[in-house]
Amino acid sequence: ASIHNQLFAFIMMMSCAKFMKAVAFGLTLGGTVVLGQPITYMPGHLTKEIEGYKLSEGLNMRVMARITQKVQFDNGGESAEPFHRYPDFGACFPHPEGLERGYVYVSNSENTVKNGGVGAIYFNEDHEIVDYKMILKGTSKNCGGGGTPWGTWISCEESYQGVGMWQVDPWQVGSGELTAMGDKNPDQGGRRAGMWESFTYDTSGADGGVNRYFFTEDAANGPVRRFTPTSNNLEWDVLNDDNGQHEYLVLQPNAADPTTGTYRWSNNLGEGRASAQAEYNYVEGIDCRNKHLYFVSKSMRVLYDLNLETMTYEITSTITSGEIGQPDQIFILEPSIVQRSGSSIVAEVDLHTMFSDNQMGELLEPHEVRNLGTNKTDRHLQEDGNRPVMYFTEDVDSRVGIMAVDLDRNFFTVLEMINPLDPTDETTGVAFSPDKSRMYFCQQYAGLCYQVWREDGYSFVGDYLNIKYHTRVPVKPSPNLDLLFQIPRQLNAGDQVKSASEQYTLKQYSNGNLELLKGGELAWETGIAGGGGHNTVFQGDGNIVTRNAGGGVVWKSDKTKAGGVKRLYIDTTYNVLVIVQTIDGVESILWGAALADSDEPTADPTKAPVTASPTKSPTKSPTKAPTASPTKNPTAPPTAAPVTATPTAQPTKNPTTAPSQSPTTNPTKDPTLSPSIATSTSPTPEANVDQPSSGFLLIGSSAMWISIALLATVIFV
């Protein structure tokens, strides 16, 4: 039977009352229904400039809030207090009484000791701002966090002068309560202080039905932690369990292919720290879905995917031709189903709005659901389903924006800042409204909060046109390297260097542009043009810097790492310009740029492809809407005074290691790669070529959709 007939049969087997409620919720508030509207969203095609950002074609956005200024409501009113400083990680939560009561976007404040906390912008069901409150005050450097299964927010203090991780009810001012997660540190007076970053959970039953909670530590030796309370209930108090068990992630790479391996959980903190230092340091964003745990190392620029059932993992480099910065926070969107008519969508429903995780499994498993760990696609409905997409923000680097990667490891840019005033600024707090039609994020140091939407009216899990992908740069070089020169070296205006094969020429122009020619044809350039007397220095630390006649920096790669021997090559297998660093005989790629005429690798394509497959992508979410209000959740907007925390010590500046370890280089100034990390594994065609998506999901015969419409009509009547 066709998929839509099977779907219809499954739905009709559900209890009538439950199905009617699901349909009403899914077709009204839980999913976007737009009749006959053409699709205009083209992810990765940065054609629009709004509010200082380049946006993908078909997107629009507005500034919702600015630091030190009161938040302006859409009805003409304004907040009683100004928007908080240093907005960081965020998330959206529906009202516990239903989306018709609106939703809230919570945002951490990574302000200094006792000046941090959590702010909350409240919306009605039409995505209009109706209120703003500080729901937690007096904490220190609230950086990351995450939602719980019961609809509360975990806000993590990234400071040894803090006290730990806070649980906050988004709908109740003053509800903040310190959790039992995090190690009690005798050096910190027994407080659970640390460089705590992000939080997620697994309630899928992957681990024998035991509910698990995970969080990260942003330090060179900071292990990913697993917290297991003594109670398996899903409620507020389980995270206050002082008798809960803390365990630490230990990765065990495969010798033959270090991009894969097995892992285990140890109750020995020292063992966890050693593994983190060697294999996955400076971890920030973490998310869990469909029995897989995902997290990113911002210093190694690597995405980790742990299969919670098989206890295996695989890793993927986040270095691409799109110059992605250090990956920071991550957010996964789930797919929806759509009904199309020609080039238009006539209906769109978010599957997780209508069905629980278990029902989703029952619904999808008969329809060729393929596991991420095997075929690299997750909940891909036959060949035409929408694909889950992981969105992530960028920490300090040459570009600032929102990037995304589908679960085939294809990267693209959603939006990016134009000429940031502060080069150390970063995007934070990417989240989506419960109906997934609005995306929210902040610009931390500028203190701005944005709302983004699709101009065609569909949600971000809806269909779209073609995607422009980045070219992925391998982390491990191939044997086919054409040498340009050993670093350090300076190129002055008019200098040119031929490769060992004499096929490539690197030229420095007086106006600042650095060009790589292949057989006389342009293969890559920095694109600098202005004035005269420029030169480019390939520094001993691996950074490439172009300066004008006055010594001012006009372009830099900002990819530095001390030690070892560094050379500039063209990797002819993957058609990329790379700086290869060799330490103790181990080679790793420190910096890379894809060439304009990228072709498929001539080597074994299953080992380390550089390009991204232009196939379809978006959708997935870290937490589903709570099925019940939390135990401390009121139903009215907040009115009480916010809770005030009382950490006692003064802060230190940006500690990057746990107290028991010697300090290491700050990753914001030293974004490096582990020499043991190799690239991902799917063969791929030419990169950065616009190609239309092949096929779209068509769910629903006339009978099915007429039946749904009749049921919905009964509900509303």
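Positions are given from 1 along the sequence.
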Next on the checklist: Going by ring-ring contact (aromatic ring centres under 6.0 Å, His included), Phe214 matches just one of Trp265, Tyr294, Phe199, Tyr248. Which one?
Outcome noted: Trp265
Next on the checklist: Between Arg212 and Thr228, do the side chains contain a donor N or O and an acceptor N or O under 3.5 Å apart?
Outcome noted: yes
Checklist entry - Which distance, rounded to the nearest 0.5 Å, do you find between the CD1 of Ile579 and the CD1 of Ile589? => result 10.5 Å
Checklist entry - Is the distance between the ring centroids of Tyr391 and Phe441 less than 6.0 Å? => result no
Checklist entry - Checking side-chain hydrogen bond (donor to acceptor under 3.5 Å, both in side chains) for the pair Glu271/Ser266: CA distance, chi angles, key distance, verdict? => result CA-CA 7 Å; Glu271 191 174 18; Ser266 170; 2.7 Å; yes
Checklist outcome for this item: In this structure, OH of Tyr263 is separated from OH of Tyr313 (nearest 0.5 Å) by 11.5 Å
Checklist entry - Without hydrogens or angle criteria, can the side chains of Asn267 and Gln245 be said to hold a donor-acceptor pair below 3.5 Å? => result no
Checklist entry - Which distance, rounded to the nearest 0.5 Å, do you find between the CD of Gln167 and the CD of Glu177? => result 7.0 Å
Item to check | Aromatic ring proximity Phe89/Trp153, centre distance under 6.0 Å | outcome: yes
Checklist entry - Would you say Tyr213 and Arg225 make side-chain contact, with heavy atoms under 4.5 Å? => result no
Item to check | Donor-acceptor side-chain pairing of Asn142 and Ser155 below 3.5 angstrom | outcome: yes
Checklist entry - Taking NZ, NE, NH1 and NH2 as the nitrogens, is one of them in Glu158 or Lys141 under 4.0 Å from a carboxylate oxygen of the other? => result no
Checklist entry - Quick one: does Asp183's side chain have a donor or acceptor within less than 3.5 Å of a partner on His246's backbone? => result no
Checklist entry - Is there a donor-acceptor contact under 3.5 Å from the side chain of Asp218 to the main chain of Glu197? => result no
Item to check | Ring centres under 6.0 angstrom apart (Phe295, Tyr280) | outcome: yes
Checklist outcome for this item: Only residue of Asp305, Ile286, Asp202, Leu249 satisfying side-chain contact (heavy atoms from CB on, under 4.5 Å) with Leu293 is Ile286
Checklist entry - Between Arg192 (side chain) and Gly164 (backbone), is there a donor-acceptor pair under 3.5 Å? => result no
Item to check | Derivation and outcome, side chain to side chain contact (heavy atoms under 4.5 Å, CB included), residues Phe227 and Leu239 | outcome: CA-CA 9 Å; Phe227 178 70; Leu239 299 183; 4.3 Å; yes
